[in-house]
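For reference, the structure discussed in these notes is given below.
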Amino acid sequence: MAEDRHRIKTASDRFCGDGISRRTLLKSSALAGGAGLVMAGLPFQSIAKEDKKQMPDRQTREVWSSCMVNCQSRCPIKYHVEDGVIVRCETDSSGDDKYSEHQVRACLRGRSSRRRIYNPDRLKYPMKRVGKRGEGKFERISWDEAFDTIVDALKRTKAQYGNEAIYINRATGLMGATLAASSPPANSQFAQLMNLWGGWLNHYGTYSTAQIRSAFPTLYGDRKANGITDIANTRLYVVFGHNPAETRTGGGGVMYHLEQARKKHSVRMIVIDPRYTDTCLGKEDEWVPIRPGTDPALIAGMAHVMIRENLVDQHFLDTYCMGYDHKTLPEGVPANSDYKSYILGKGPDGLEKTPQWAEQITGIPAERITKLAREIAMAKPAHITQGWGPQRQANGEQSARAIGMLAALTGNVGIPGGNSGHTESSYDSGYPGFPGTANPVKTSISVFTWMDAILDGENMTATNAGVRGKDQLGVPIKFFWNYAGNIICNQHSDINNTHKVLQDETRCEMIVVIDNHMTSSARFADILLPDVSTVEREDIAVPDNPGNMDYRIYCSQVIEPMFECKNIYEICTELAKRLGIEKEYTQGRNECEWLKHIHALAGEAIPGLPAFDEFRELGIIKFPNRGHAAVAFKDFREDPVKHPLKTPSGKIEIYSQVLAEAAATWTLPEGDVIKPLPEYVRSYRGFDDPLTKQFPLQMIGYHTKSRVHSTYDNVDILREALPDKLWMNPVDAEQRGLLHGQRVEVFNDKGRLLVPLKVTSRIMPGVCALPEGSWYRPDRIGLDRGGCINTLTYWGRPSPYAKGNPQHTNLVEVKAWQKGA
Ligand SMILES: Nc1nc2c(c(=O)[nH]1)N[C@H]1C(S)=C(S)[C@@H](COP(=O)(O)OP(=O)(O)OC[C@H]3O[C@@H](n4cnc5c(=O)[nH]c(N)nc54)[C@H](O)[C@@H]3O)O[C@H]1N2
Ligand SMILES: Nc1nc2c(c(=O)[nH]1)N[C@H]1C(S)=C(S)[C@@H](COP(=O)(O)OP(=O)(O)OC[C@H]3O[C@@H](n4cnc5c(=O)[nH]c(N)nc54)[C@H](O)[C@@H]3O)O[C@H]1N2
Ligand code: SF4
Ligand SMILES: [Mo]
């Protein structure tokens, strides 16, 4: 901190081509105080202007910026700056906080962002690796040397392997940014740079949603859901593996909307999750603990009850769906391949999917399954939905589709108060992002398969690895861009194995990491570049799930860039210069001019938008949805002939022709299957895998409120407030003689980690849970004292169709930790 205080950099006016100096700009932001705008038709109406607090004598300023990490909210933060140093922060206090024009209040993470900005882990200078890759030995170099080294490597890679050997990794640290966006990678400045230089290898899918993203469209042709506020119109909210109280916090987050909607009509809530989550905490009406990876079996068991008791919506299934029963099976498909036959035991497996059958798999008593089936079928309408936990499983495609199937079975699709089974949708004001150019390379790999592409890119094909845009990738990844991501070594699976692959410099030849902090991924860089943090640049922050009120936050530069940190636009401009594409890249604009340009484009889409300078002063503009909440597939429900779905048949494909084709033509590892029906499929590392003899506990990860993935993990007060613990049921703890609070070793065939134990009946027996995102900190004997869950996750087998990350499918054993063991 003391060092920061004394660091002085010459004020730069590169942001503003309008001649306003940086200091004046900061003052003008300060003048805005706590203003915010709500779009209330035309003209825009200012709803609050706090007293102007300007104390120039004391060099005190208040400047709006934001927290824009990937928790999927983004919150405005007003920083108080004294003598160039942030001393404290506040959040949105504009307006009267009326619902749908509400305040977007930051959570504890955003409010502690000062500790992330002034953190001892901050990267200060460009560095090059001097030891073995991953060893963490670096030497300070000049920016010129860094740029030249990168450009040499780029040129070498392109000449020898072509542009497809250049990969931009998934990285979500700046998912909410506009100019500094890291994700989707196609929106990043590195993508723009590479687009203009022949292209780069892209990926499809995300670590968040790979399975649901690929699988849901096979059912509905699309990934649509009713708006979150439409929950006010429902009788029953049935939620599978979704925990917005932790994963959608902040004033802009889904949890707030959910509470508002439920309050309106006392909506009942059933939570189906192996854990009693924070979303429950007395607010739920029922918690149904379920074994991880078995949701399709619960749904099959419920379908059995509904069919037997004549509770399915037969008219809906006949009119809008393919493959529910023999009447709507596509032509040429073998008899009894329909869902009803599967449930009633007339399909190829000959097994009736009774609630008793489902009990054996899910761990939910048959009686409870029966009652649940009746309640869900009879609640008209019911909003059936899912988070992304169920699909981050080895057969997550099946879970995602089965939940969608339940919505169809009960006829809840396309109506107010209903839903498709997909995660809720939000209102979108139409404010655009960075207008990038197209990538000349059309090939992409699944997000989870970059390591496969390093190891064996030559032989990855469309049918053995899900390569898209080309039959065969044909070339390994040789150059690796990693900007604002900690996926390389913390957030990807099976860290110990990843290390081995990456340590071999003959495979991936150049890894460039651009971050704020010395993360475990940063340690794997060949060239390591220090980026400025959000408060050291100008940008526009974009929320992900804003519910019924979209908004944009103007992030003014709060403090001068620290140390030798450079802004991403500056970095890419320097690289563009050396690649001979500076003009094409900058299009004659500096950062501020790009933001102005984007705001001007927004003005074309949103009439009455305040001028750029006003936006900058206001900090936040709010766009309430003045219409109704979205009702997914409403047109289709009203007229399925006029508004067919994007599936091959135009209907909801309970029997998916796309998946039937993949099942027939793809090469899968032994044991993997792709099923045309949303049926239950046993999975490796599931509850009944033979490996349970050695590692008897299923272990899921979850996204915790103490951080956002690995970001904020190095903020001391957050760690103190909520230390990571392994959740374990008292039954399992007793069997192992383990006590609450004790340090335990969690291990399997992939690795070992150390973490304190939380003995709690908030998790079902046979399952334990560890928050994801903790920083990997191995000791000399390979024991991860950081407690990073990816020490124990499995990489070798992506999910069958999406080729997604099965990071919640794990088997482990737990024992008391003995020092020196
Ligand atoms: N086992 C398991 N693994 C998981 C998951 C799971 O559920 N279980 N979840 C997966 C999911 S859904 C996701 S999205 C991924 C997330 O994985 P990542 O995308 O790697 O997310 P973070 O760990 O938050 O890393 C973000 C990085 O961005 C950096 N950063 C923040 N601000 C800036 C900035 O201004 N400039 C620069 N240059 N860097 C910045 C941070 O320091 C941090 O290193 O993890 C996945 N991994
Ligand atoms: N505070 C905070 N917020 C975040 C993030 C963060 O790291 N921290 N990350 C953000 C990102 S990038 C993402 S992708 C989202 C993640 O959002 P999600 O993927 O929805 O979050 P998870 O916690 O992984 O899983 C949600 C719930 O699913 C449960 N679950 C796991 N497996 C199963 C299963 O097989 N069946 C059922 N029924 N339930 C299961 C878990 O116990 C958990 O409570 O959150 C976002 N928000
Ligand atoms: S972590 Fe998310 S909810 Fe919290 S302040 Fe940041 S953007 Fe807002
Ligand atoms: Mo995510």
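Atoms within a ligand are numbered from 1 in the order they appear, just like the ligands themselves. By convention here, the first residue in the shown sequence is residue 1.
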Compute whether any side-chain donor of one residue and acceptor of the other, for [X] and [Y], lie under 3.5 angstrom apart.
| X | Y | value |
| --- | --- | --- |
| E591 | N567 | yes |
| N790 | Q807 | yes |
| N496 | Y776 | yes |
| T206 | T209 | yes |
| H709 | E772 | yes |
| Q72 | N545 | yes |

Ligand 1 atoms in contact with [X] (distance to a heavy atom under 4.0 Å):
| X | answer |
| --- | --- |
| T519 | 44 (O) |
| V532 | 35 (O), 36 (N) |
| R116 | 31 (C), 32 (N) |
| Y483 | 38 (N) |
| R537 | 34 (C), 35 (O), 36 (N) |
| T172 | 14 (S), 16 (C), 18 (P), 19 (O), 21 (O) |

Review point. Counting heavy atoms only, which of G293, A394, S208 is nearest atom 14 (S) of ligand 2?
Key: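 Looking at heavy atoms only, the winner is S208.
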
So is [X] polar-close to ligand 2, meaning N/O to N/O under 3.5 Å?
| X | value |
| --- | --- |
| T294 | no |
| Q72 | no |
| P390 | no |
| T247 | yes |
| T277 | no |
| N243 | no |
| W388 | yes |
| H808 | yes |

Answer with side chain, backbone, both or neither: which part of [X] has a heavy atom less than 4.0 angstrom from an atom of ligand 2?
| X | answer |
| --- | --- |
| H709 | both |
| T249 | neither |
| E772 | side chain |

What part of [X] sits under 4.0 Å from ligand 1 if we count only heavy atoms: the side chain, the backbone, both or neither?
| X | result |
| --- | --- |
| M68 | neither |
| A171 | backbone |
| N790 | side chain |
| V708 | backbone |

Practice item. Test R170 against S183 for side chain to side chain donor-acceptor pair (under 3.5 Å), laying out the working first. Key: CA-CA 7 Å; R170 181 86 189 160; S183 192; 3.0 Å; yes

Exercise for review: List every atom of ligand 3 that sits less than 4.0 Å from any heavy atom of R74, numbering the atoms from 1 in the order shown and giving each element.
Suggested key: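 Those atoms are 7 (S).
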
Check your understanding: Under 4.0 Å from any heavy atom of T249, which atoms of ligand 3 are there?
Key ->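 Those of ligand 3 that fall under 4.0 Å from T249 are 3 (S).
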
Check your understanding: Looking at R122, K124, K566, R537, which hits salt bridge (charged side-chain N to carboxylate O under 4.0 Å, His left out) with D531?
Key ->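 Of all the options given, the one that passes is R537.
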
Does ligand 2 have an atom that lies less than 4.0 angstrom from a heavy atom of [X]?
| X | answer |
| --- | --- |
| M175 | no |
| Q391 | no |
| R291 | no |

Review point. Any N/O/S atom of C107 sitting less than 2.8 Å from atom 4 (Fe) of ligand 3, backbone or side chain?
Key: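 Yes, within the cut-off.
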
Practice item. Distance to 0.1 Å, residue and atom name: give those for the protein heavy atom nearest to atom 45 (O) of ligand 1. Key: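 Ranked first by proximity to atom 45 (O) of ligand 1 is Q491 NE2, 3.0 Å.
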
**Study point:** Any N/O pair I789/ligand 1 closer than 3.5 Å
**Key:**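 No.
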
